[in-house]
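Please read the structure below before turning to the comments.
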Amino acid sequence: MLKVNDINVYYGSIHAIKGVSFEVEKGEIVTLIGANGAGKSTILNTVSGLLPAKSGTVSFMGKTINGIAAHKVVGMGLAQVPEGRRVFLNMTVQENLEMGAYTRKSAEIDDSIADVYERFPRLKERRKQVAGTLSGGEQQMLAMGRALMSKPELLMLDEPSMGLAPILVEQIFDIIKELNKAGTTILLVEQNAQMALSIADRGYVLETGKIVTSAKASDLLNDDSVKKAYLGG
Amino acid sequence: MTKTPSSASPSLYEDKRIISMPVRYLINIVAIAVFMLIGNLIISEGIINRTYTTILLQVGVYIILAVSLNISTGYLGQLPLGHAGFMAVGAYVGALAWKAMPHGLGYMIIGLIVAGIAAGIVGIIIGIPALRLRGDYLAILTLGFGEIIRIIIINLPDITGGTPGLLNIPKYSNFNVIFIFVILTCYIIHTMMKSRHGRAILSIRENEIAAEACGINTTYYKVMAFSVSAALAGVAGCLYGGLQGSLFPSAFGFMDSINILVMVVLGGMGSMIGSVLAASVLTALPAMLQFLASYRMVIYSVLLILVMIFKPSGLMGTYDFSLTGLIEKAIIKIRGGSKNNAKEGQANE
């Protein structure tokens, strides 16, 4: 479904992503794990079109999408939950969700909002509340709900566990699993390698802009070098 | 307010409106007509003298300037400092068009439209490079642009009259013309901000990356908001020319841009009624306090400082006034607790 082929990304003269290639098949959960500064978010932002790649190609459902502006990629069925949630703080929960469906016709939105509320009952309780007054976990749910409003084929999540209490992290990951079961393909970027690998089908390990290992998630969980580097022995 | 009983309402979109849309329009049109009549009466009956009438008309022009700047400052969240520049473009283009055409109502409207389009196009030309920058960089760039416009006007004496000014402009801007254009401007901005485009503009202010991730073409909407703001400033400039009968480049300096910005900030960024009030007070006050001579600027400054200390979000914050909304609230109060849901909706708006 998503095929990233040998991309190179630069921040000015800094070579941030060095020839990274990976694939996501339909129905999978794929995770990119790595330490701070390994280039995880940079890769996501390149795929979604927020950052330009200097070379290499990104193709989604058979179409090359690098060079296409980020706002057009959304309409093609690729949604991103940006790092740090980034909900619209002064809009209500409902308005945030409506913004997520910006690329769709207004007649179709009601059903999707109902779907999101069903999946996140907390959001329904707070639908008239301004998003800035939500807790971190609720904001993460809102950011995910907003991304789902565009009816994506592939959902890209950037560090959904960031700054959340462990119990909330588990909740969020349960939701990700459910979403996947319901048919959404997921590309997950995480620092919390243990959690990410426990729900993923496959994983890629990133180190300073390069993919060093790729394997089935269950194998990575038991891999000695991964254990040492990311899972604390 | 934070705890909304959700189980009470089965529908996701319960209708908060008690008054239907046609009735809302009717109420507003009647209110506008009444205001217009009162305005005409107090001027024709000589209740306010000519000085105050001129002040009233100036207030109208500055209301258009403030609410139009509020689009790019309040709604879009940028900080342009060249609003007087767009006003100047509209003023000179409009005045020259008026002078070139014969006298008449139709020609007056054509002049205003030409002025708006000219300023809007300049807005697009400036907006495309300027809106790649943010915050103070954008402020400095637009400030520079405003000065360029003024210098160009000074240095084209054959066309613009240069420093001695452009004289003998037809004085079209009477109370009715200005009043109608104030209402039109507010109506255009209001409908724009309630539409899908308005939401897109607001979401850019809230978070640009998230807006882009929602599929909003942020560049397009930034330039669009900026040029609509510029076009309306151009119309205001044209009305200003028709009010003064003469134009001088010195009226479109950097301080004039700041003045308009002060109105928007004082009124509350993102609040139209705030901009209207602040534009009225800050235009009328210095003129009304003439008798205090040079002390009037002290009062003006103290007022600004006090508002910024005690109400940093501006007089009105982001509150927006709705006549029909107020009437609905009153109806709900009279009916009592039976319409709890609707009341909740109002409170949360």
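Letters go in sequence order (proteins before strands), and every chain restarts at 1.
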_Please determine whether the number of non-hydrogen atoms from other residues, nucleotides or ligands lying under 6.0 Å from atom OH of A:Tyr11 exceeds 12._
yes
*Decide if atom CD of A:Glu108 counts as having more than 12 heavy atoms of other residues, nucleotides or ligands within a radius under 6.0 Å.*
yes
_Residues from residues 195-202 of chain B approaching chain A under 4.5 Å (heavy atoms)_ = B:Arg196, B:Arg199, B:Ala200, B:Leu202
*asked:* Can you confirm whether more than 12 heavy atoms, excluding those of B:Lys311, are under 6.0 Å from its NZ atom?
replied: yes
*Check the surroundings of atom CG in B:Leu306: do more than 12 heavy atoms from other residues, nucleotides or ligands lie under 6.0 Å from it?*
yes
*Just give me the residue among B:Ala211, B:Ser203, B:Ala213 that pairs up with chain A most often, heavy atom to heavy atom, under 4.5 Å.*
B:Ser203
*If you take all heavy atoms of B:Ala210 and A:Arg86, which pair is closest and at what distance?*
CB-O, 3.1 Å
_Contacting region of A:Leu89 [heavy-atom separation from chain B under 4.5 Å]_ = both
*Should we say atom CE of A:Met144 is surrounded by more than 12 heavy atoms from elsewhere, each under 6.0 Å from it?*
yes
_For the student: nearest non-hydrogen atoms of B:Glu206 and A:Asn90, plus distance_ = OE1-N, 2.6 Å
_For the interface with chain B, which of A:Gln80, A:Arg146, A:Met149 has the highest count of heavy-atom pairs at distances below 4.5 Å?_
A:Arg146
*Portion of A:Ala70 that has a non-hydrogen atom of chain B nearer than 4.5 angstrom*: both
*Determine whether more than 12 heavy atoms belonging to other residues, nucleotides or ligands lie under 6.0 Å from atom NZ of A:Lys18.*
yes
_Contact check, side chains of B:Thr218 and A:His71, non-hydrogen atoms, under 4.5 Å_ = no
*If you draw a 6.0 Å radius around NE2 in B:His190, do more than 12 non-hydrogen atoms from other residues or ligands fall strictly inside?*
no
*State, to 0.1 Å, how close A:Phe88 and B:Asn207 come at their nearest heavy-atom pair, and which atoms those are.*
CE2-O, 3.6 Å
